[in-house]
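These figures come from a predicted structure and were not determined experimentally. Only this structure's heavy atoms are used, side chains among them; waters, hydrogens and symmetry mates stay out.
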Amino acid sequence: RSLFLRGDGDAAMAETMLGFGHEYLMVILIGLPAFAISTSYAGTLREMGETRLPMIASVSAVATNAVFNYLLIFGRLGFPRMGVVGAAVATVLSRYVELAIIVITTHRRKERYTFIQGAYSTFRVPGPLFKAVIKMGSPLLFNEALWSIGMSTLTAIYSLCGLTVVSALSINSTISNLFNVVFMSMGTAVSVMVGQALGADDYDRARSTAWKLAAFGVAGAIAMALLAPMAAGLIQMAISRSREYLADDTGAELCGQPLALAGALNKLGMASGQIPMQEGNPSTEQMFIVTPMFAHGGMASLFSTHPPLEE
């Protein structure tokens, strides 16, 4: 049995979602070799100070993914309508497009990218180098393994709350990545700049660069924290309110007295403002007729999914 989607909700819908997830992962596995090789090439290029080629390859991959998502998910321009599997196929295609751009360009410019000269002349790895890689890489591998286990556990816990929470978590992850990309870029920059200084045995420059970038990272974290409330607006834009407006319109048509309905909503809104709920969670706001005023208020009000009562 799956560890995910075992909480309250429609069991049939949960089973369907798990089926979609399984189909997606089976196709995505085909793209893992391309991802591994392109990551190795891109990492080496960045260490040499060449960031333009990996960027071009990544942008091309994103564009390919977006185009084929549209074509294969919805079956446009004569392509088959494949749904979730189409999304996975588009991702795999984008991985191989990225790989092709990086590998072909690198091998065509051997004079510029000297590390590739004789790279495949032998697959023998010297013992001391192998030991050094294992010694340096094991802590990183252990750290990433713990991170993956932690995130999987967190997702499993959230999934116990039902499909709605899982959907909200997906939206939240997308918005969070818009901010996290800043720190991921900073990490890459640190590894390149400090790594080059260490490779040149310039330890003073390496220390100076590391401290400067660390200070810049802290300043960036503060800036992102101040900009984070913008995520509320992005989430609201991602959530359609058309159904709420349609419900109001249908209700007015059914009762035949739209002004009376508006007056009732206005009274509910005033009552909600005068008597805030002492116990409640803003995540259940969509279950109320009007936006409830929770006693704790604060930043949670920024994430209101209800349209303003005046609208």
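- Heavy atoms from other residues, nucleotides or ligands lying under 6.0 Å from OH of Y158 number 12 at most.
- Around CD of E253, the count of heavy atoms belonging to other residues, nucleotides or ligands within 6.0 Å does not exceed 12.
- Counting heavy atoms from C-beta on, the side chains of T44 and T106 never come closer than 4.5 Å.
- The structure places CZ of F35 at 9.5 Å from OG of S40, a figure rounded to the nearest 0.5 Å.
- In this structure, A61 and S94 approach most closely via the heavy-atom pair O-CB, 3.1 Å.
- Linking Ile, Leu, Val, Met, Phe, Trp and Tyr whenever their side-chain heavy atoms come within less than 4.5 Å leaves L141 and M136 in two separate clusters.
- Distance check, rounded to the nearest 0.5 Å: CD1 of I116 to CZ of R108 gives 14.5 Å.
- Contact detail for A87 and N65: the closest heavy-atom pair is O-OD1, 4.4 Å.
- In this structure, the separation between CE on M82 and CZ on F68 is 11.5 Å, given to the nearest 0.5 Å.
- Summarising the geometry, atom CZ belonging to F115 is positioned 9.5 Å from atom CD belonging to E50; distances are rounded to the nearest 0.5 Å.
- Annotation: the span from L99 atom CG to T39 atom OG1 amounts to 9.5 Å, rounded to 0.5 Å.
- Side-chain atoms of S208 do not come within 3.5 Å of backbone N or O of D204 as any donor-acceptor pair.
- With hydrophobic clusters built from ILVMFWY side chains whose heavy atoms lie under 4.5 angstrom apart, I149 does not share a cluster with F142.
- Just one of V92, T91, V85 meets the side chain to side chain contact (heavy atoms under 4.5 Å, CB included) condition when paired with V89; it is V85.
- When hydrophobic clusters are built by joining Ile, Leu, Val, Met, Phe, Trp and Tyr residues whose side-chain heavy atoms come closer than 4.5 Å, directly or via intermediates, L29 is not grouped with V27.
- Note that CG of L93 and CG of N69 are 10.0 Å apart. Values are rounded to the nearest 0.5 Å.
- F20 approaches V84 most closely through the heavy-atom pair O-CG1, 3.6 Å.
- If you chain together hydrophobic residues whose side chains sit under 4.5 Å apart, Y120 and V103 fall into the same group.
- Contact annotation: the side chain of I101 approaches that of L53 to within less than 4.5 Å [non-hydrogen atoms, C-beta and beyond].
- Here the shortest heavy-atom pairing between S58 and E98 reads OG-OE2, 3.4 Å.
- The side chain to side chain donor-acceptor pair (under 3.5 Å) analysis of residues 19-33, with sequence neighbours excluded, yields no pairs.
- The hydrophobic cluster containing Y96 also contains V67, counting ILVMFWY residues as joined when their side-chain heavy atoms lie under 4.5 angstrom apart, directly or transitively.
- Minimum interatomic distance between T114 and M48 (heavy atoms only, all atoms of both residues): N-CE, 4.4 Å.
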Run the numbers on V133 and V125 for side chain to side chain contact (heavy atoms under 4.5 Å, CB included), then give the verdict. CA-CA 11 Å; V133 171; V125 180; over 6 Å; no
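- Across every non-hydrogen atom of I28 and A88, the tightest pair is CD1-O, 4.0 Å.
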